[in-house]
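Remarks on the structure that follows.
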Amino acid sequence: MRWIIFSFIGILLGYAIGVAAGAALTAALSTNNHDRTLEIAMTAFFFTGPVGAVLGIVVTMGVMLFRKRPEDRP
C-alpha cells in the first residue's frame, strides 16, 4: 500500500514540476509570436508534464528500492 501512495505522489510531483519547467522553458526560448500561449500550454501539458511524471515515478521507485530499512541499520 505504501508503494502505491508514494508512487502516486511521485507521479503528481513529477508532472507538476515538468509542467512548470516546460512552460518556463517554452516561454523563454520560443520564437513563435502568433500563438505563444497555446504553444506553451500544449508543450507543458502534453510533453514535458508526462516526461516529468515518468521521471517522478523512476526517482520514487529508486528511492524506495535503495533506501535502507530500519531493521537493516546498525
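Quick note: numbers below take in every heavy atom, side chains included, and nothing from hydrogens, waters or symmetry partners. This structure is a prediction, so every number in the text was calculated from the model and none was measured.
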Exercise. Has the side chain of Y15 got a donor or acceptor atom that lies under 3.5 Å from a matching backbone atom of F45?
Worked result: yes
Exercise. Backbone N or O of S7 within a donor-acceptor pair of the T60 side chain at under 3.5 Å?
Worked result: no
Cluster check [X], [Y]: I/L/V/M/F/W/Y, side chain < 4.5 angstrom:
X	Y	value
L65	V58	yes
W3	F66	yes
F6	V63	no

Let me confirm one number: the [atom1]-[atom2] distance from [X] to [Y], rounded to the nearest 0.5 Å.
X	Y	atom1	atom2	value
T31	E39	OG1	CD	7.5 Å
L38	T43	CG	OG1	8.5 Å
I40	L25	CD1	CG	10.5 Å
I9	I11	CD1	CD1	10.5 Å

Seminar exercise, completed: Here the pair of heavy atoms bringing A23 nearest to A44 is N-CB, 3.9 Å
Seminar exercise, completed: What one should report as the nearest heavy-atom pair of I57 and V54 is CG2-O, 3.0 Å
Exercise. Within a strict 4.5 Å, meaning less than it, do heavy atoms of the H34 and N32 side chains meet?
Worked result: yes
For this session: Let me see the working for M42 and F47 under side chain to side chain contact (heavy atoms under 4.5 Å, CB included), right down to the final yes or no.
Result: CA-CA 7 Å; M42 292 296 163; F47 180 69; over 6 Å; no
